[in-house]
Amino acid sequence: MAKHKKYIFVTGGVLSSIGKGIAAASIGMLLEQRGIKVTMVKMDPYLNVDPGTMSPFQHGEVFVLDDGAETDLDLGHYSRFVQNAHFTRKNSFTTGRIYDAVIRRERAGGYLGKTVQVIPHITDEIKKHLREAVESADLAIVEVGGTVGDIESLPFLEAIRQMRTEEGAENVVFVHLTLVPYIAAAGELKTKPTQHSVKELREIGIQPDVLLCRSDRKLPKDVKDKIGLFCNVSGDHVFSATDVSNIYEVPIYYHEEFLDEKIAEKLGIWGGRPDLSQWKNMVEKIRQPKRTVTIGIVGKYTDWRDSYKSLSEALVHGGVSNDAKVNMVYIDSEEIENGNTELLKSVDGILVPGGFGERGIEGKIKAIEYARTENVPFFGICLGMQLAVIEFARNMAGLKSANSAEFKTESQENVIDIMESQKSVTDKGGTMRLGAYPCQILSKYNGKPTRAYSAYGRELISERHRHRFEVSNTFRKEIEEKGLVVSGKNIDKETGVELVEMVELPNHPWFLGCQFHPEFLSKPLQPHPLFNAFIKAVCDGSKQVQRKLKGIG
Ligand code: GLN
């Protein structure tokens with residue numbers, strides 16, 4: 001590997017949502033498998049300092065890193081495709097963060113009386129951030145958020161243009177992802193939008209080296225040559241980015257068209273050919289599952305798929321390790337609130353994910369009661385765990401008005417409460433418990449391994465958090481006495497204060513709640529232990545159901 005750091009910049013044209021994140025992640029995966037130490041960076045062109053305060057309905061899920069950084073959901077894709085990179089807040093930044101840094105420096109007199117301008121001060125700050133992000137690796141794949149032509153992304157594009165000059169053309173590759181639509185009426189793939197988008201890039205001084213053309217079919221050679229000719233790119237650097245049914249197939253298709261080889265050639269990096277056997281195996285398992293199970297995800301009807309991206313991926317991974325296809329049905333908790341538990345009868349497992357706000361809460365609690373009393377495998381994550389504790393407190397521990405301080409600030413029986421240390425903090429951004437914390441697992445309960453221990457196979461784990469509220473220690477004893485087992489806790493080294501991290505029910509096929517978000521750590525090649533165990537229990541349960549239906553056993 002050359003000493004010089006290498007950069008691959010991925011821009012997008014024509015439309016948003018054509019899969020730039022997956023494209024960047026796939027390039028990262030292929031180069032890593034060639035033996036290169038890669039990292040990934042996302043630059044987002046909006047003014048929020050981070051996406052933590054943005055509605056997930058607008059922007060998709062907030063992906064949390066170990067260091068507590070709240071990032072864009074693309075960091076989730078990167079984490080799932082790339083195995084060895086350790087991402088920190090350096091790997092994701094927004095225009096807001098850049099301006100914030102520049103304005104702070106200006107206020108502190110850091111510009112020595114100069115006029116502070118977009119070029120060079122903002123662009124310098126962007127380059128500084130990029131160079132810092134690549135410190136721990138040899139190569140960075142950098143995704144530029146937004147679409148070429150947007151006013152917002154101009155400073156980022158100008159910065160990467162300068163990077164090519166400063167770092168040397170042999171160390172920088174520009175990849176541009178565009179759309180090549182098939183127009184049925186003409187029976188033709190249309191290249192004009194791509195031509196326009198590249199023209200726009202070239203006007204600001206960026207000549208792409210590689211074009212990835214998103215299309216519903218493979219591009220024939222003559223179409224690639226035509227695009228190449230009009231865009232000043234050689235035809236063998238124009239690649240099809242064909243629609244796929246499963247995102248993990250994307251790097252395999254790229255590799256079949258020699259994308260990684262061409263990029264390696266351009267950058268003068270000669271690792272070996274990538275070993276994709278493990279990855280292909282995983283893709284094959286998704287393609288040809290041995291069985292199908294159905295998980296009911298109980299949430300607010302306004303929640304949409306992208307706000308649970310990591311969750312749905314983690315369920316797919318749990319399926320991979322159990323040779324199962326996980327069919328996910330989204331169940332509106334308000335319908336259950338209105339008494340319609342019929343919806344729950346057709347699912348093999350119930351999952352209540354993380355969330356904020358009061359809406360639909362009672363429906364989720366009803367769904368949990370159903371899972372508990374009907375022996376349906378249940379997995380509660382963050383808010384889902386808090387509600388499982390409330391359900392148990394109300395129905396099993398006699399705390400009839402049990403609730404969470406998030407919804408009932410004045411209740412006397414708030415089994416979920418704000419952390420004592422946080423009660424005086426009023427700043428919205430400041431009160432969340434964010435990032436990785438250690439969790440001590442209880443290995444046995446009544447002589448038998450706990451579900452938590454059976455899943456992880458060890459006693460000390462670390463998981464990522466994003467929440468304000470906790471299980472209150474005031475009511476813990478009463479609840480534990482009635483049989484809810486605290487199988488994971490975080491113990492503060494200095495104060496000895498315990499925070500509940502996991503709860504479970506011993507006499508249930510599988511009923512577990514966790515305060516953290518395990519979905520952030522799940523990868524297709526390393527499915528998360530809890531998702532693995534949950535889906536296993538669901539598969540076992542659905543077999544039992546099958547047997548019952550057939551009158552055997
Ligand atoms: N709203 C809850 C809290 O703040 C749960 C958060 C979550 O599920 N991520 O504690």
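Indexing begins at 1, ligand by ligand and atom by atom, following the structure's order. A quick note: this is a predicted structure, and the numbers were derived from the prediction, not measured.
In this structure, H517 has a heavy atom closer than 4.0 Å to ligand 1. Put simply, no part of E470 is less than 4.0 Å from ligand 1, judged by heavy atoms.
For the 3.5 Å distance criterion, the side chains of E61 and S310 qualify, holding a donor opposite an acceptor. Checking N91 against T39 by side-chain atom types alone, a donor-acceptor pair falls below 3.5 Å.
Scanning the protein heavy atoms around atom 5 (C) of ligand 1, the nearest turns out to be G355 O, 3.4 Å. Protein heavy atom closest to atom 7 (C) of ligand 1, with residue, atom name and distance, is C382 SG, 2.9 Å. Given atom 10 (O) of ligand 1, the protein heavy atom at minimum distance is F469 N, 2.8 Å. Closest to atom 2 (C) of ligand 1, if we only count protein heavy atoms, is E406 OE1, 3.2 Å. Closest to atom 4 (O) of ligand 1, if we only count protein heavy atoms, is R468 N, 3.0 Å.
If you number the atoms of ligand 1 from 1 as listed, the ones under 4.0 Å from a heavy atom of G354 come out as 8 (O). For ligand 1, the atoms sitting less than 4.0 Å from at least one non-hydrogen atom of L383 are 5 (C), 7 (C), 8 (O), numbered in the order shown with element in parentheses. Atom numbering of ligand 1 starts at 1 in the shown order; those under 4.0 Å from a heavy atom of R466 are 6 (C), 7 (C), 9 (N).
For the pair R394 and E362, the tightest heavy-atom approach, listed with the atom from each and the gap, is NH1-OE1, 2.9 Å.
Using a 4.0 Å cut-off between heavy atoms, H467 contacts ligand 1 through both its backbone and its side chain.
A heavy-atom distance below 4.5 Å is not found between the side chains of K489 and C439. Residues F392 and I368 have side chains not in contact (no heavy-atom distance under 4.5 Å, counting atoms from C-beta outward).
In terms of polar-atom proximity, Q386 is counted as a contact of ligand 1, with an N or O under 3.5 Å from an N or O of the ligand.
When ring centroids are compared, H465 and F520 stay outside the 6.0 Å threshold.
Ring geometry for F81 versus W279: interplanar angle of 30 to 60°, hence tilted. Below 30°, between 30° and 60°, or above 60°: for H317 and Y248 the angle between ring planes is between 30° and 60°, a tilted geometry.
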